[in-house]
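Chain naming here is simple, since letters A, B, ... match the order of the sequence lines and numbering starts at 1 in each. The figures that follow rest on heavy atoms only: side chains count, while hydrogens, waters and symmetry mates do not.
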Amino acid sequence: MRRKPHFLFSEIDMRYWLMKSEPSDCSIDDLAKLPNQTVAWYGVRNYQARNFMRDQMQVGDGVLFYHSNCKEPGIAGIAEVSSTAYPDTTQFDKKSKYFDPKATPEQPRWMNVDVKLVRKIALISIEELKRHPELENMRTLQRGNRLSITPLDPAEWRFITTRLVHH
DNA sequence: GCCAACGTTGGC
DNA sequence: GCCAACGTTGGC
């Protein structure tokens, strides 16, 4: 049975994630134009981030879609996990920059989930996120953090989606 | 299994 | 473009 995806309701078995995307690669507007407003989160080549997708993500989990490595870094939209993990096809594609010669279809190394847009929001800049003491422990805001996928505490999710998102 | 060298990330 | 931080690689 599919759980309700509405982001304002927190459910006990639901998890929350912040996922970084470079807007030059896939921005929130790019996502909005894709079929089903859904994107395969391919290209993750970090084991910790892969393991989050492979071992912990469930359909319906809440996602903050974050613009990174760009002029205005910050949260650009709300999304949800819309599939469980499956092998990232780019690892087998010799022409892809994500090609991995050590991966085979029999023994895939990299996995990804699908992510579906819930809605675009007015950008919450990294500067604003850092202003709130409620968010001081957010992984993404920690010095030196580079992980492209990080778990969010339910309290952090609630604070951001109810207090910082303008309705 | 250590660790130096190297590559990548991503805010600034 | 800089560079701090951190992950990965590979010789030993």
Side-chain angles (χ1 to χ4, degrees), chain A residues 15-34 38-57 61-81 85-153 155-157 159-161 163-166:
Chain A
R15 295 179 198 252
Y16 305 95
W17 309 95
L18 182 143
M19 300 176 79
K20 296 181 191 172
S21 180
E22 302 192 6
S24 60
D25 186 22
C26 179
S27 70
I28 195 80
D29 291 327
D30 294 332
L31 175 57
K33 287 177 202 144
L34 289 172
T38 298
V39 65
W41 210 264
Y42 61 82
V44 169
R45 294 296 180 267
N46 170 283
Y47 290 104
Q48 237 186 307
R50 178 203 67 181
N51 293 349
F52 284 141
M53 289 196 282
R54 188 189 64 186
D55 304 334
Q56 297 194 35
M57 285 192 184
D61 280 2
V63 172
L64 299 179
F65 189 101
Y66 182 92
H67 281 174
S68 71
N69 200 15
C70 58
K71 198 162 180 204
E72 295 185 298
I75 298 167
I78 310 288
E80 62 175 335
V81 174
Y86 58 92
D88 176 340
T89 57
T90 62
Q91 70 193 303
F92 311 125
D93 178 2
K94 282 204 169 102
K95 279 171 285 187
S96 169
K97 68 170 175 172
Y98 299 116
F99 176 67
D100 183 342
K102 292 179 184 153
T104 64
E106 294 73 32
Q107 294 237 302
R109 214 185 237 226
W110 305 109
M111 310 279 282
N112 65 254
V113 297
D114 289 342
V115 171
K116 181 176 168 63
L117 180 66
V118 173
R119 67 193 184 90
K120 182 181 175 176
I121 61 172
L123 189 91
I124 307 169
S125 68
I126 185 172
E127 188 188 24
E128 167 156 22
L129 294 171
K130 284 179 172 168
R131 270 204 294 271
H132 297 283
E134 292 89 343
L135 303 177
E136 67 186 358
N137 293 324
M138 258 179 79
R139 285 281 283 280
T140 308
L141 301 181
Q142 305 307 305
R143 178 194 172 92
N145 174 76
R146 298 185 314 172
L147 254 194
S148 64
I149 298 175
T150 50
L152 288 168
D153 287 343
E156 292 165 345
W157 169 267
F159 182 80
I160 293 168
T161 55
R163 305 283 305 283
L164 302 188
V165 171
H166 303 295

Restricting both atoms to N or O, compile the protein contacts to nucleotides 1-3 of chain B shorter than 3.5 Å, with distance only.
none

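- An OP1 or OP2 oxygen of B:dC12 is reached within less than 4.0 angstrom by a side-chain nitrogen or oxygen of A:Lys130.
- Defined by atom type and a distance below 3.5 Å, a donor-acceptor pair is missing between the side-chain atoms of A:Asp29 and A:Ser27.
- Atom CD of A:Glu127 is separated from atom P of B:dC12 by 8 Å (rounded to the nearest Å).
- Residues A:Tyr66 and A:Trp17 keep their aromatic ring centres 6.0 Å or farther apart.
- Judged by distance alone, the side chains of A:Tyr16 and A:Asp61 never bring a donor and an acceptor atom under 3.5 Å apart.
- Of all heavy-atom pairs spanning A:Ser21 and A:Cys26, the tightest one is OG-O, 2.6 Å.
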Which protein N or O atoms sit under 3.5 Å from an N or O of nucleotides 7-10 of chain C?
| unit_1 | atom_1 | unit_2 | atom_2 | d |
| --- | --- | --- | --- | --- |
| C:dG7 | O4' | A:Arg146 | NH2 | 2.9 |

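- Considering all non-hydrogen atoms of both residues, A:Pro151 and A:Arg139 come closest at CD-NH1, 4.0 Å.
- If you take CG of A:Leu123 and P of B:dG11, they are 11 Å apart, rounded to a whole angstrom.
- With values rounded to the nearest 0.5 angstrom, A:Leu147 atom CG is found 5.0 Å from A:Asn46 atom CG.
- Side-chain atoms of A:Gln91 and A:Arg109 form no donor-acceptor pair, as typed in the model, at a separation below 3.5 Å.
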Audit row: A:Asp153, A:Asn137, side chain to side chain contact (heavy atoms under 4.5 Å, CB included) steps and yes/no: CA-CA 9 Å; A:Asp153 287 343; A:Asn137 293 324; 5.6 Å; no
